[in-house]
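Numbers for residues simply follow the sequence, beginning at 1. Keep in mind that the numbers below use all heavy atoms, side chains included, and drop hydrogens, waters and symmetry copies. Just so you know, ligand 1 is whichever comes first in the structure, and atom 1 is the first atom listed for that ligand. Given the structure is predicted, the values throughout are model-derived calculations rather than measurements.
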Amino acid sequence: MTTSNQSTSEAGASGQEVADVVVIGGGPAGENVAQYAHDGGLSAVVVEESLRGGDCSYYACMPSKALLRPLEVAATAGNLEGVSTPQLDRAGLLARRDAWVSHYDDAGQVRWAEKAGLRVVHGHAEIVGPREVRVSDAGRTRTLTARRAVVLATGSSALVPPALQGIHAWSSRDATGVVEVPDRLAVVGGGVVAVEAATWMAALGSEVTLLVRGDALLNSQEPFVGELVKSALERAGVRLRFETSVESASRDNARNTGLGRVHGGPVTLSTTEGELTADEVLVATGRTPRLADLGLDAVGVTPQDVRSGNLPEWLHAVGDATGDALLTHMGKYEARVLGARLAGAQESAPPAVVPVPQAVFTDPQVGAVGMTEREARAAGHRTVVAEAPITAAAGAALLRDDAAGRAKLVVDEDTGRLLGATFVGPDAAELVHAATIAVVGGIPVSLLRHAVPSYPTASEIWLRLLEDLPASLR
Ligand SMILES: Cc1cc2nc3c(=O)[nH]c(=O)nc-3n(C[C@H](O)[C@H](O)[C@H](O)COP(=O)(O)OP(=O)(O)OC[C@H]3O[C@@H](n4cnc5c(N)ncnc54)[C@H](O)[C@@H]3O)c2cc1C
Ligand SMILES: NC(=O)c1ccc[n+]([C@@H]2O[C@H](COP(=O)([O-])OP(=O)(O)OC[C@H]3O[C@@H](n4cnc5c(N)ncnc54)[C@H](O)[C@@H]3O)[C@@H](O)[C@H]2O)c1
């Protein structure tokens, strides 16, 4: 491995700054690729135009989970005989969120990166030629030259359907950064952002109406997932309208009043199912890779090339920028693999398919990995499934008095290997990693019988699921 083996970039003969790897975007994916490249002996520079640490730390994963966790603990305590129901303290909840986003100050993150040996540059990065990146910050520009690679780790942006443009609707950033709680909040979308945000906004006191264009929530999951989350949201007072699309929206005095503040007067939404008035609208209709203003044209690359990985050998993409699995842990995984590979590390061969786990922090939680039954069939597998109510495991039923949920395994009938698993119920997010290991390891379900879960833990649900499989596979 030939490396420059230095911790920071250096000035080249032309006065330009030179580093082995130049990473555009300082979110979890960008930081990890740089760290792994650096640990492998390369010099790495990370360019970030906003807060170092990326969307996940300040506007997505961390604030949302900081808001959701106390709600879940309170709901659990409220459903445990022998514990008095805790009171929700709205100001305390928002203060917890503020602490978890470090009050939108990235100094700690910069310190971490510099201690890790990375050079962090503030500014907007743009590719100006092969291996050349121009950084603009407050009217000043500098050019970084990458000896080995330029990595796009620019994340994704919220998609706003045309009918909802021009009214300064809330994006998920405003929901995670909520300061003013709108009395009436309409949420457009039925995916993960919609159901998680509906959970905390209802708890904060908004009267939430979810407008879902399809007939189910979380429709990329097993069908029972959406059903269980729907029932839970309804119990929390959220109104759900399915098969409802927004056709137009109007609002007086629409303006950007700041993160998490109500952005103007009441909004009138014309939908396929009639009119709805709300004090704010959260648009949660998906995300798209952030690839504009990046100078891709300068090197003859299109956004589609980034998605398909059709890139020059010096250019790479990781994380949300690829448009694949828009999840922090998947972006970090891709980044670890790429960073080590750039540094010439000998890696063990990955499995043919790396399954994607996902946890949804509603109450009940959802944990899922790999293929659903529908996806497995579509991919040509002959499938066998096993299902059980989550309370079939005494350990799960013990977690709270109102425990409810369901679990399912999808197994390849020909190989006896696990293709996917889904858990809904208390602590379901923690159940999924065992399934991830089984899928990655290609472990036949017959062998899983000998993986004994402790009693009485929720993991005993594995026993019930394995018992539900045909005897020939057990
Ligand atoms: C509300 C919400 C909650 C979520 N919760 C979870 C969760 O619980 N678990 C989970 O796994 N995932 C979650 N996600 C998804 C997760 O946030 C993303 O998958 C993750 O942030 C992607 O990381 P990234 O590094 O690819 O991009 P980002 O975190 O978006 O970082 C990209 C960075 O690049 C910078 N940048 C972009 N262009 C340039 C440029 N030209 N020059 C310089 N800098 C640039 C941006 O400013 C940004 O800081 C959530 C998403 C949302 C919206
Ligand atoms: N806990 C977590 O891991 C977590 C939490 C939040 C977000 N995320 C990630 O962030 C990404 C974005 O989340 P999201 O919920 O915005 O996207 P999503 O793709 O999960 O859901 C988008 C929803 O909007 C609907 N939709 C799309 N276009 C629409 C339109 N024009 N009109 C009405 N409805 C429309 C879709 O049918 C779907 O219900 C996801 O990939 C998700 O995995 C993860």
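A donor-acceptor distance shorter than 3.5 angstrom exists from the side chain of T244 to the backbone of F242, with no hydrogens or angles considered.
Considering backbone and side-chain N/O of T328, one or more are found under 3.5 Å from N/O of ligand 1. The shortest N or O to N or O distance between N219 and ligand 2 is not below 3.5 Å. Note: an N/O pair closer than 3.5 Å links D55 and ligand 1 by distance alone. For A321, no nitrogen or oxygen atom sits less than 3.5 Å from a nitrogen or oxygen atom of ligand 1, counting backbone and side chain alike. For E196, no nitrogen or oxygen atom sits less than 3.5 Å from a nitrogen or oxygen atom of ligand 1, counting backbone and side chain alike. Looking at ligand 1, you won't find any N or O of G53 less than 3.5 Å from one of its N or O atoms. Considering both main-chain and side-chain atoms, R287 never comes within under 3.5 Å of ligand 2 through any nitrogen or oxygen pair. Below 3.5 Å of separation, one finds no N or O of V360 facing any N or O of ligand 2. Where the criterion is an N or O separation shorter than 3.5 Å, residue side chain and backbone included, S172 fails it with respect to ligand 1. Considering both main-chain and side-chain atoms, L327 never comes within under 3.5 Å of ligand 2 through any nitrogen or oxygen pair. In terms of N/O distances under 3.5 Å, ligand 1 is approached by A29. Checked by distance only, ligand 1 and T176 stay at 3.5 Å or farther apart across all their nitrogen or oxygen atoms. In terms of N/O distances under 3.5 Å, ligand 1 is approached by E49.
The atoms of ligand 2 that sit less than 4.0 Å from any heavy atom of A284 are 16 (O), 22 (C), 23 (C), 24 (O). Annotation for ligand 2: atoms under 4.0 Å from non-hydrogen atoms of P161 are 30 (C), 31 (N). Close approach of ligand 2 to K65 is summarised as follows: ligand atoms under 4.0 Å from at least one heavy atom of the residue are 1 (N), 5 (C). Taking every non-hydrogen atom of G189 and a distance limit under 4.0 Å, the qualifying atoms of ligand 2 come out as 24 (O).
For atom 21 (O) of ligand 2, the choice among G191, A158, S171 with the nearest heavy atom turns out to be G191. When T362, T271, T288, T285 are checked for heavy-atom proximity to atom 34 (N) of ligand 2, T285 turns out nearest.
At a 4.0 Å cut-off, at least one heavy atom of G123 sits close enough to ligand 1 to count as contact. For G214, the heavy-atom gap to ligand 2 stays at 4.0 angstrom or more. Heavy atoms of G331 stay at 4.0 angstrom or farther from ligand 1. Residue A359 places a heavy atom under 4.0 Å from ligand 2.
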Item to complete: Step by step, work out the salt bridge (charged side-chain N to carboxylate O under 4.0 Å, His left out) result for R406 and E222.
Response: CA-CA 10 Å; R406 198 157 188 81; E222 295 287 358; over 6 Å; no
Discussion item. Determine whether D137 and R142 satisfy the following criterion, salt bridge (charged side-chain N to carboxylate O under 4.0 Å, His left out), listing intermediate values before the conclusion.
Written reply: CA-CA 9 Å; D137 188 25; R142 69 217 287 183; over 6 Å; no
Worksheet entry | R148/D20 under salt bridge (charged side-chain N to carboxylate O under 4.0 Å, His left out): CA gap, chis, key distance, verdict | CA-CA 5 Å; R148 193 156 303 185; D20 292 321; 5.4 Å; no
Discussion item. For S270 and E247: C-alpha separation, side-chain torsions, deciding distance, then whether side chain to side chain donor-acceptor pair (under 3.5 Å) applies.
Written reply: CA-CA 6 Å; S270 290; E247 294 178 317; over 6 Å; no
Worksheet item: After noting the C-alpha distance and the side-chain angles of R251 and E280, does the key distance pass the salt bridge (charged side-chain N to carboxylate O under 4.0 Å, His left out) rule?
Response: CA-CA 10 Å; R251 168 180 232 175; E280 192 51 82; 2.9 Å; yes
Fill in: side chain to side chain donor-acceptor pair (under 3.5 Å) between D105 and S102, intermediate numbers included
CA-CA 5 Å; D105 179 346; S102 308; over 6 Å; no
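At the shortest separation from atom 44 (C) of ligand 2 among protein heavy atoms lies Q358 NE2, 3.5 Å. If you check which protein heavy atom lies closest to atom 37 (O) of ligand 2, you get R213 NE, 3.5 Å. Here the protein heavy atom with the shortest distance to atom 20 (O) of ligand 2 is V192 N, 3.6 Å. From the protein, the heavy atom lying nearest to atom 16 (O) of ligand 2 is G286 N, 3.0 Å. For atom 14 (N) of ligand 1, the nearest protein heavy atom (residue, atom name, distance) is C61 SG, 3.8 Å. At the shortest separation from atom 7 (C) of ligand 2 among protein heavy atoms lies V193 CG2, 3.5 Å. The protein heavy-atom contact nearest to atom 32 (C) of ligand 1 is A153 O, 3.4 Å. Closest to atom 35 (C) of ligand 1, if we only count protein heavy atoms, is E48 OE1, 3.2 Å. Annotation: atom 41 (O) of ligand 2 to nearest protein heavy atom, L326 CB, 3.4 Å. In terms of protein heavy atoms, atom 39 (O) of ligand 2 is closest to G190 N, 3.0 Å. The single protein non-hydrogen atom nearest to atom 8 (O) of ligand 1 is K65 NZ, 2.8 Å, given as residue, atom name and distance.
Using cut-offs of 30° and 60° on the angle between ring planes, the pair F423 and W462 is tilted. In this structure, Y58 and Y104 have tilted ring planes: the angle between them lies in the 30° to 60° band.
Contact annotation for Q358 and ligand 1: no heavy atom of the residue comes within less than 4.0 Å of the ligand. Neither the backbone nor the side chain of E31 comes within 4.0 Å of ligand 1, counting heavy atoms alone. The proximity of M330 to ligand 2, defined as any non-hydrogen pair under 4.0 Å, does not occur for either the backbone or the side chain.
Here the rule is side chain to side chain donor-acceptor pair (under 3.5 Å) with Q109, and of R52, E114, E31 only E31 fits it.
Here the side chains of P266 and R184 are in contact, with some heavy-atom distance below 4.5 Å.
Judged by distance alone, the side chains of S156 and R287 do bring a donor and an acceptor atom under 3.5 Å apart.
No more than 12 heavy atoms of other residues, nucleotides or ligands lie within 6.0 Å of CG in D293, so this atom counts as exposed by the packing criterion.
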